[in-house]
Structure formats: C-alpha cells, structure tokens
Amino acid sequence: MERLFSWKTTRVKSKGVMNKGKVVSNSASILENASKNSFQFLKHPEISSPDDVKKAITELTKPLKGIGPATASAILASYSPTIPFMSDEAVLSLITKKGSTLHTLNNYLEYYSEVCHQVKKLNELDDEHNWCARDIEMALWTAMIDENLKLGFEAKFTAETSKNEIFVEENVDNSLQEQVTDNDQTVTKTNIARRKRNAEAAEL
C-alpha cells in the first residue's frame, strides 16, 4: 500500500506527505477486508455502473485512513483495467473541476462516465484493439504531459530568443556608436592636418 501511495503522489497533486503517515497506519487486515468488500461491486471484466463504482470507492475511503477517491481509484485500477486512475491530467482533460478540490467523489464519477463513453466509442471504431479505461487514462495523461512539455519548451525557447535579440541589438548599437566615435575622431584628425597644411602654405 505504501508503494502504491508513493506512486500515486507522482501523478496527483495532493497532500501526499501529510496523508502518507495515515495511509501506512492502516493494518494489513483492515486493508484486505476493505479491498475485498470494494472489489465485489465491480463487474470485471465488464464495465461497472457509476453507482457500483461509487460503492466500491466508499468501501475503501470509509474504513481506511488517509484514503480519498484518487488513492481509492488507484487501488481499484490495480485490480481491474476497467477502472481508470484519477490522474490530474486525465481528469482535467475530460471534465471541468467542480468545487475548490479536484479529488472529490463527484468529480471522479463524472470523469469515470466520460472515460466509459470514450471506451465504447473507440471499441466501435477499432476492431483490432480491445480498449479499456486504463488505456484511455494513460493516453490522456501522456497527451497532457506531452503538451505541457511542449509549452515549457516553447516558453523557454521564446525567452532565450528574446534574450539573444536584446544581446544582438545591444552589440549592434555599441558597434555603431564605436564606429561613429571612430569616424568623428578621423574627421577631427583630418581637419587638424588640413589646417596645418594651410598654415604652412600661408607662411610660404
């Protein structure tokens, strides 16, 4: 359970450090009983109804300390590929967060319904692959991570480009200023030489 919770915190922005102590305090017997009671509501390998999934999650969150809908979904997903894990990226790509907290049961059930809808559509279109909720969650998570990496790279590239443009502009301005200064000095030297020659000619 500790390993699963540690993995979950890499995919979900939550109070991981605060909840970890509570999670590991659950005894093996309580965890085993809660899991058995929860799994019986799933229609694996068939798709379970949102009501059954709600009951399955409640059977985990009610008796177990430090376990919310996101961690409960990780437990259920490890048992059946028909249950999608509640990763931030996958959830936010399908639904609009309701309330101040993303990891609520209502948000998960809406997300779960959307994932099941996508599974049904893909299986109707694709005869070669048997799509499941786990596939959808992983695809959504990967797409969002890829998009975030691209945005981060573009932002960094834009910043570096702007920095280089400023550097080039400053160097060009400095070069032009130096050139003007050099030209002024050349003109001054030329004028002095001309005046000297004129003075010498006048003495003759």
Side-chain angles (χ1 to χ4, degrees), residues 1-95 97-98 101-124 126 128-145:
M1 186 62 206
E2 184 177 357
R3 290 176 60 189
L4 183 142
F5 185 78
S6 297
W7 170 83
K8 168 250 179 182
T9 56
T10 65
R11 303 273 301 279
V12 171
K13 296 179 179 65
S14 65
K15 301 175 182 178
V17 176
M18 296 174 62
N19 288 341
K20 187 174 182 179
K22 296 179 181 179
V23 171
V24 298
S25 70
N26 293 301
S27 66
S29 59
I30 293 177
L31 178 60
E32 184 178 352
N33 288 333
S35 298
K36 286 181 178 179
N37 293 335
S38 174
F39 296 160
Q40 69 179 346
F41 288 104
L42 301 182
K43 302 296 188 289
H44 176 74
E46 301 300 322
I47 294 178
S48 303
S49 69
D51 285 340
D52 286 336
V53 172
K54 181 179 180 179
K55 293 174 184 176
I57 289 178
T58 303
E59 287 294 332
L60 292 170
T61 58
K62 202 169 182 180
L64 297 176
K65 299 175 184 178
I67 302 297
T71 306
S73 74
I75 296 173
L76 297 177
S78 68
Y79 171 75
S80 171
T82 63
I83 303 298
F85 171 59
M86 192 181 194
S87 63
D88 291 354
E89 291 79 9
V91 175
L92 292 173
S93 65
L94 286 183
I95 70 168
K97 180 178 71 172
K98 294 175 178 61
T101 304
L102 177 64
H103 310 112
T104 63
L105 182 55
N106 287 336
N107 281 334
Y108 180 78
L109 293 176
E110 183 181 354
Y111 159 68
Y112 173 76
S113 297
E114 287 294 328
V115 169
C116 291
H117 177 64
Q118 296 299 325
V119 168
K120 183 179 179 181
K121 283 176 59 177
L122 284 171
N123 281 325
E124 289 174 352
D126 187 356
E128 297 181 359
H129 181 73
N130 184 25
W131 289 88
C132 65
R134 182 178 295 166
D135 296 329
I136 303 300
E137 187 273 326
M138 287 299 298
L140 293 172
W141 180 82
T142 303
M144 287 290 284
I145 291 296

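Numbering of residues begins at 1 and proceeds along the displayed sequence. No hydrogens, no waters, no symmetry mates; every other heavy atom, side chains included, goes into these values.
The existence of a salt bridge linking Lys55 and Glu59 is excluded, since no basic side-chain nitrogen approaches an acidic carboxylate oxygen closer than 4.0 Å.
Counting heavy atoms from C-beta on, the side chains of Thr71 and Val23 never come closer than 4.5 Å. Side-chain contact between His44 and Pro81 is present, with heavy atoms from C-beta onward closer than 4.5 Å. The shortest side-chain heavy-atom distance between Tyr112 and Ser73 does not fall under the 4.5 Å cut-off. At a threshold of 4.5 Å between non-hydrogen side-chain atoms, the residues His103 and Asp88 count as touching. Taking the side chain as every heavy atom from C-beta outward, Ile47 and Lys120 never approach each other to under 4.5 Å. Contact check for Val115 versus Glu137: no side-chain heavy atoms found under the 4.5 Å cut-off. Residues Val119 and Thr82 fail the side-chain proximity criterion, which asks for heavy atoms closer than 4.5 Å. Proximity of Ile75 to Phe39: side-chain heavy atoms (C-beta onward) are separated by under 4.5 Å at one or more points.
Using modelled atom types, no side-chain atom of Thr61 and backbone atom of Gly68 make a donor-acceptor pair closer than 3.5 Å.
Atom CG of Leu76 is separated from atom OG of Ser38 by 4.5 Å, given to the nearest 0.5 angstrom.
Annotation: side chain to side chain donor-acceptor pair (under 3.5 Å) contacts of Ser78 (sequence neighbours excluded): none.
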